Amino acid sequence: MLIFAHRGASKALPENTVDAFKLAFEEDADGIEFDTFQHPEGIIVFHDKTLNRTTNGRGFLLSTPLSELRQLDAGLGTRIPTLVETLATVPKGKWCNIEIKQLTDADSWVSEVRHTVASSGIEVEKLLISSFNHHWLKQIRELWPEVKIGALSASYSLQPCYDAHMLRAYSMHIALDVASPEYVQQALAEGFDVFVFTVDEIEDMQRLAAYGVTGIFTNVPDIARSIFK
Ligand code: G3P
Ligand code: MG
């Protein structure tokens with residue numbers, strides 16, 4: 001069972017911050033998941049469209065200049081991280097899942113991510129690119145044939161693996177609410193790794209392990225590690 005820290009160790013520390021990513025690896029997570037926006041001044045690690053919930057700022061992330069974003073308190077005095085700063089926290093051999101919340105230009109996105117990944121020393125084999133927007137993933141797949149794509153979904157559709165096949169995805173990332181044994185078994189049987197979000201209860205972790213899922217996204221990687229030694 002692979003343990004991905006969802007937005008870092010985000011129960012203990014502010015989500016999507018360098019401190020939360022570092023703590024996740026100190027707690028022996030196998031990888032981190034984080035959310036990204038393609039800001040005009042570079043890729044920013046952040047979950048919401050607006051600054052209101054997780055910072056002391058107000059307004060929209062994308063219309064705020066980077067210099068102003070970097071002044072904000074993202075919790076406990078930490079800053080909103082860039083992609084470069086985030087990838088720098090990932091130790092050798094660990095996994096990294098970049099979830100795309102907003103993409104404006106696929107060409108420049110792929111070019112920036114490829115460059116940042118190469119200079120950070122992260123292994124491309126341990127990089128997953130996911131999004132609920134499968135049109136964006138399709139554009140990325142065409143521009144970057146070897147990268148691992150994770151098809152995110154919160155629904156159990158009538159053809160559950162259709163988009164994953166269309167995207168030549170590596171994995172399916174499915175919501176806990178719909179992660180039935182039938183869904184998981186079908187996805188595995190059709191050749192996809194299966195990751196489930198967001199799994200914080202021990203009972204759910206054990207149930208999903210019995211289904212044979214590949215991994216989970218959890219806000220409590222320390223608890224998950226105590227279950228899966
Ligand atoms: O990538 C899994 C999960 O993070 C998707 O939902 O809203 O927590 O980004 P959300
Ligand atoms: Mg996410």
Side-chain angles (χ1 to χ4, degrees), residues 1-18 20-21 23-24 29-39 43-55 60-62 74-75 80-83 85-87 89-90 94-103 109 113 126-137 140-141 147-157 160 163-164 167 169-179 183-184 187 192-201 204-205 208 211 213-221 223-224:
M1 174 73 86
L2 288 176
I3 299 166
F4 276 77
H6 179 247
R7 313 181 196 175
S10 59
K11 176 113 190 270
L13 290 173
E15 67 179 53
N16 284 323
T17 62
V18 162
F21 302 136
L23 179 60
D30 295 296
I32 52 170
E33 181 268 0
F34 53 89
D35 309 289
T36 60
F37 282 74
Q38 189 179 24
H39 186 276
I43 296 170
I44 298 292
V45 175
F46 204 72
H47 184 275
D48 296 359
K49 281 190 169 66
T50 67
L51 302 166
N52 307 2
R53 180 178 63 89
T54 58
T55 79
F60 289 94
L61 176 91
L62 287 176
I80 298 172
T82 61
L83 181 65
E85 290 166 341
T86 299
L87 294 191
T89 69
V90 182
K94 296 289 187 174
W95 287 82
C96 187
N97 180 187
I98 302 178
E99 185 191 336
I100 307 171
K101 290 295 188 198
Q102 189 277 334
L103 179 116
W109 190 93
V113 174
K126 297 242 164 128
L127 175 69
L128 284 168
I129 310 295
S130 67
S131 183
F132 288 107
N133 188 321
H134 295 180
H135 296 268
W136 294 340
L137 295 178
I140 291 166
R141 163 56 70 231
V147 80
K148 287 185 163 83
I149 296 275
L152 253 175
S153 179
S155 68
Y156 185 11
S157 73
D163 277 27
L167 292 165
Y170 172 80
S171 51
M172 291 173 58
H173 300 191
I174 66 179
L176 177 61
D177 288 351
V178 294
Y183 190 176
V184 170
F192 303 105
D193 277 10
V194 177
F195 297 91
V196 180
F197 64 93
T198 302
V199 188
D200 288 352
E201 301 299 328
D204 288 324
M205 293 175 189
L208 292 164
Y211 297 173
V213 306
T214 316
I216 55 169
F217 299 101
T218 179
N219 298 315
V220 286
I223 293 175

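A quick note: this is a predicted structure, and the numbers were derived from the prediction, not measured. Heads up: numbering here begins at 1 and tracks the sequence. In listed order, ligands and their atoms are each counted from 1.
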## Note on the structure
Rounded to the nearest 0.5 Å, the CD1 atom of I44 sits from the CZ atom of F37 at a distance of 10.5 Å
### Task
Look at ligand 1 and say whether F132 reaches it with a heavy atom at a distance under 4.0 Å.
yes
### Query
So between E15, H173, H6, whose heavy atom ends up nearest atom 3 (C) of ligand 1?
H6
### Query
Looking only at heavy atoms, what is the nearest atom pair of M205 and T218, with distance?
CE-OG1, 3.9 Å
### Distance-only N or O hit between ligand 1 and R7, under 3.5 Å
yes
### Task
Please report the number of protein N, O or S atoms that lie less than 2.8 Å from the Mg ion (ligand 2).
3
### Query
How far apart are the closest heavy atoms of S10 and N219, and which atoms are they?
OG-OD1, 2.8 Å
### Message
Run the ring-ring contact (aromatic ring centres under 6.0 Å, His included) test on F46 and H39 for me, step by step, so that the C-alpha distance in whole Å, both residues' side-chain angles and the decisive distance to 0.1 Å come before the verdict.
### Response
CA-CA 10 Å; F46 204 72; H39 186 276; over 10 Å; no
### Task
For side-chain contact (heavy atoms from CB on, under 4.5 Å), just list the numbers for W109 and I98, CA-CA rounded to whole Å, side-chain angles, deciding distance to a tenth of an Å, and then say yes or no.
CA-CA 12 Å; W109 190 93; I98 302 178; 4.1 Å; yes
## Note on the structure
Test side-chain hydrogen bond (donor to acceptor under 3.5 Å, both in side chains), reference E15, set H47, H6, R53, output is R53
### Task
Would you please classify the geometry between the F195 ring and the F4 ring as parallel, tilted or perpendicular, with 30° and 60° separating the classes?
perpendicular
### Message
Using a plain distance cutoff, I'd like to know if K101 has any nitrogen or oxygen under 3.5 Å from a nitrogen or oxygen of ligand 1.
### Response
yes
### Message
What protein heavy atom lies closest to atom 4 (O) of ligand 1? Include the residue and the distance to one decimal.
### Response
E33 OE2, 2.6 Å
### Query
What's the shortest heavy-atom distance between V196 and V213, and which atoms?
CG2-CG1, 4.0 Å
### Close approach, D35 and ligand 1, non-hydrogen under 4.0 angstrom
yes
### Query
Quick one: nearest non-hydrogen protein atom to atom 10 (P) of ligand 1, plus distance?
H47 NE2, 3.4 Å
## Note on the structure
among protein heavy atoms, the one nearest atom 5 (C) of ligand 1 is E99 OE1, 3.4 Å
### Task
Ignoring hydrogens and angles, tell me if any N or O in the side chain of S131 forms a donor-acceptor pair with the backbone of I100 under 3.5 Å.
yes
### Query
Any chance NZ of K126 has more than 12 other-residue heavy atoms, nucleotides or ligands included, within less than 6.0 Å?
yes
